[in-house]
**Q** 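Provided herewith is a single structure, encoded as structure tokens, for subsequent inquiry.
Chain A is the first sequence line, chain B the second, and so forth, proteins listed ahead of strands; every chain is numbered from 1.
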Amino acid sequence: MNSLLSLSNDLASAVEHAARAIVTVNARPRLPSTGVHWRPGIVVTADHTVRTDEEVTITRPDGRTAPAALAGRDPGTDLAVLRITDADLPLADVADPAALKVGQMVLALGYGPRASWGVVSALGGRWRTWRGGEIDQLVRLDLTLYPGFSGGPLIDVAGRVVGISTSGLSRQHELAIPASTVTRVAAELCESGRVSRGFLGVGLHAVRLPEAARRSTTGGSEIGLIVVSLEPDGPAARAGLLLGDVLVAIDGQPVTGADDLQATVASRRAGSALAATVLRGGTPVDIAITLGERPSRRR
Amino acid sequence: MSAGDDAARPIPHRLDRTLADVADRLQRVTVQIRGPYGAMGSGVIWAAAGLILTNAHVVRGPSAVVLSTGQRFDARLLARDPEADLAALAIGAGGLPAAVTGDARALRAGEIVLAVGHPLGIDSAVTAGVVHAAPRGPARFIESDLALLPGNSGGPLADARGRVVGINAMISGGLALAVPEHRVARFLGALRDRMATPA
């Protein structure tokens, strides 16, 4: 058998293997999306494709449709989990999350199954989505994610699931959420229905610190974050932060920018403590803040 | 080179070479269709005696066929079916390298497919991709994730063995759509019946 033919057969077998654990997710008008049977009774899909919180159904590969209950959703990572009662649906074969390589051949799948072929075009480190979720690894693909592919598996040539592809996290690039992030978020969603993200309730603006102020802070940071708005009765307001305070350090670490601070805060759970150092009238003041829960936005 | 040598090579080399071999064979069965104003699209040598298959939308008037060797022949239109988007042309040449056909109904999702054509006037471009979805029932088209361009129309879609499974016809929603070989066979069957019937 020629090697092109054997690769072709491997790819087709990989699709067949992975397709057993793929379902059609009927949770928005007109265009269904794709879901993966990730762990027993739990289907993972892309959050942005789940519009209706009621009457979500899944369609199995054999064409049977069954009701599914939305167990939790995390717009931050664009993941949602559905609970199904279907005991005999095969489970996805999830691959070692660390195994991805640039140039590796992969297939993105949609319900049907439908296939799209390409390679991993770039890998990066941990990153934060525009919706605030934390993803373990940036996985960029050179393949086409066709309509309805969101929530479907990205598979390797052996048919193992290496991630979930979605068009909901980037307009420029085709991306996949690596399997490790899916497993982590799915576990948290199954447990509590949402991913807890810390919240301060302040509006901050970066300012250059005057020389004198720099000397009085630990670490000698050059910038501070001035409090320009305070959420009434928010976590920062309750802790005693005032308008005009200049935040210079968090847990003894100098602040580097509003985005970085936002990332630090969001990566902690609600209820956790944070030691803030602010300059108030030029004098450093330590304030202990208990993080609140990030209010959910209207969908 | 013996089979033993081949087996000893690292796999990527063998894959590369097979791909090049298959592409080369496909290029030889692919022709360019030219109209009065230049290149119109591509075509496939369906029979060694000078039978060329292409899309109906490629043939819109008097046309000529340019082989991969560069030889040019005036073509005679045998039949044209806009519904199936197929056309058959005859050229005055024999002993041509003809396409070997495969089985479009046996295609699996994820299987590798290759297309050859003359997109945007580029000489014989090869494009690789996979079957998007397995054909179900009397499917009109084979869907694949190939990035085809205008000018690929009428050219062959082949499987990993290099067997022609369809005639590339259009691009829709980022997918390449090809008329399956069994529809080509049906079209040619109707053509033969008509030619056998005395006028």
**Q** Counting only N and O atoms by type, is there a donor-acceptor contact under 3.5 Å from the side chain of A:Arg114 to the main-chain atoms of A:Tyr146?
**A**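 Flag not set: sc A:Arg114 to bb A:Tyr146 has no pair under 3.5 Å.
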**Q** With only heavy atoms counted, which part of A:Ser116 is less than 4.5 Å from chain B, the side chain, the backbone, both or neither?
**A**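 The answer is both parts of A:Ser116.
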**Q** Side chains of A:Asp78 and A:Thr166: donor-acceptor distance under 3.5 Å anywhere?
**A**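 Looking only at side-chain atoms, A:Thr166 and A:Asp78 do form a donor-acceptor pair, the distance falling under 3.5 Å.
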**Q** Considering only heavy atoms, give the residues of residues 103-113 of chain B separated from chain A by less than 4.5 Å, sorted numerically, with 'none' for an empty result.
**A**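 Interface residues of residues 103-113 of chain B: B:Arg108, B:Ala109, B:Gly110, B:Glu111, B:Ile112.
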**Q** Using every non-hydrogen atom in the two residues, find where B:Ala160 and B:Val22 come nearest and quote the distance to one decimal.
**A**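 Of all heavy-atom pairs spanning B:Ala160 and B:Val22, the closest is O-CG2, 3.8 Å.
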**Q** May I ask you to list the residues in residues 170-188 of chain B that approach chain A closer than 4.5 angstrom, counting heavy atoms only, ordered by number?
**A**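 If one takes a 4.5 Å heavy-atom cut-off, the residues of residues 170-188 of chain B near chain A are B:Gly173, B:Gly174, B:Leu175.
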**Q** Do other residues, nucleotides or ligands put more than 12 heavy atoms under 6.0 Å from the CZ atom of B:Arg76?
**A**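 Not buried by this count: 12 neighbours or fewer within 6.0 Å.
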**Q** Who among A:Ser8, A:Ala14, A:Ser13 has the most heavy-atom pairs with chain B under 4.5 Å?
**A**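 Maximum pair count with chain B is reached by A:Ser8.
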**Q** Sequence neighbours excluded, which residues qualify as side chain to side chain contact (heavy atoms under 4.5 Å, CB included) partners of B:Ala84?
**A**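 Testing B:Ala84 for side chain to side chain contact (heavy atoms under 4.5 Å, CB included), a comparison that skips the adjacent residues, returns B:Asp81, B:Leu86.
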**Q** Hey, which residues of residues 45-71 of chain B are touching chain A, say heavy atoms under 4.5 Å apart?
**A**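 None at all.
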**Q** Please classify the contact of B:Ala147 with chain A as side chain, backbone, both or neither, using a heavy-atom distance under 4.5 Å.
**A**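 Neither part; nothing is under 4.5 Å.
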**Q** Does B:Arg28 pair with B:Asp24 as a salt bridge, N-O distance under 4.0 Å?
**A**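 So B:Arg28 pairs with B:Asp24 through a salt bridge.
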**Q** Can you find a heavy atom in the side chain of A:Asp47 that is under 4.5 Å from one in the side chain of A:Leu79?
**A**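 Heavy-atom side-chain distance check fails, nothing below 4.5 Å.
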**Q** Between the side chain of B:Arg194 and the main-chain N/O of B:Leu191, is any donor-acceptor distance below 3.5 Å?
**A**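 No, B:Arg194 side chain to B:Leu191 backbone: no donor-acceptor pair under 3.5 Å.
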**Q** Under the side chain to side chain donor-acceptor pair (under 3.5 Å) rule, what do B:Thr30 and B:Ser42 come out as? Steps first, then yes or no, please.
**A** CA-CA 7 Å; B:Thr30 307; B:Ser42 308; over 6 Å; no
**Q** What option among A:Leu4, A:Thr144, A:Leu143 has the most heavy-atom pairs under 4.5 Å with chain B?
**A**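 Between A:Leu4, A:Thr144, A:Leu143, the count favours A:Leu4.
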**Q** For A:Trp117, does its backbone N or O pair with a side-chain atom of B:Asp145 as donor and acceptor, under 3.5 Å?
**A**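 Yes; at least one donor-acceptor contact below 3.5 Å.
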**Q** Any idea which heavy atoms bring A:Ala115 and B:Val131 closest together, and the distance?
**A**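 Shortest heavy-atom separation between A:Ala115 and B:Val131 comes out as CB-O, 3.8 Å.
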**Q** Evaluate A:Arg184 against A:Asp136 for side chain to side chain contact (heavy atoms under 4.5 Å, CB included), listing each step before the verdict.
**A** CA-CA 10 Å; A:Arg184 171 170 59 80; A:Asp136 296 349; 3.1 Å; yes
**Q** With the threshold set at 4.0 Å, does a side-chain nitrogen-carboxylate oxygen contact exist between B:Asp159 and B:Arg161?
**A**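 Looking at B:Asp159 and B:Arg161, the cut-off is not met.
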**Q** Is it true that the side chains of A:Thr59 and A:Asn26 contain a donor and an acceptor less than 3.5 Å apart?
**A**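 On atom types as modelled, these side chains qualify, holding a pair under 3.5 Å.
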**Q** Is the backbone N or O of A:Ala21 less than 3.5 Å from a side-chain atom of A:His37, with the two atoms forming a donor-acceptor pair by type?
**A**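 Checked: no pair found.
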